[in-house]
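Reading through the structure tokens given below for one structure.
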Amino acid sequence: MSATQAAIAQLLPLAGDTFDKNKVTPGLLGFIVFAALALGVWGLMKSMSRHMGRVDFKEAPEPAPAAADGTGAP
């Protein structure tokens with residue numbers, strides 16, 4: 001067994017006694033992470049909307065079909 005596994009094996013019983021198994025909640029850290037993700041997505045959507053508004057796209061006309069005689073002249 002490596003040193004890391006031994007340390008985890010010693011700390012695992014301590015973690016099991018610190019919370020009620022019937023009342024596990026994400027807590028403050030979970031809220032902060034969720035809020036940060038929500039703000040990040042909101043910022044990305046706002047940025048994308050701004051960039052899409054600046055796009056000036058004009059579709060090129062379709063080229064004329066080639067002549068049937070193979071000369072390429074219309």
Can Leu37 be reached from Leu44 by stepping across I, L, V, M, F, W or Y side chains whose heavy atoms are under 4.5 Å apart? no
Distance (rounded to the nearest 0.5 Å) between Met52 CE and Ser47 OG: 11.5 Å
In the single-linkage hydrophobic clustering (I, L, V, M, F, W, Y; side-chain heavy atoms under 4.5 Å), do Val41 and Met48 co-cluster? yes
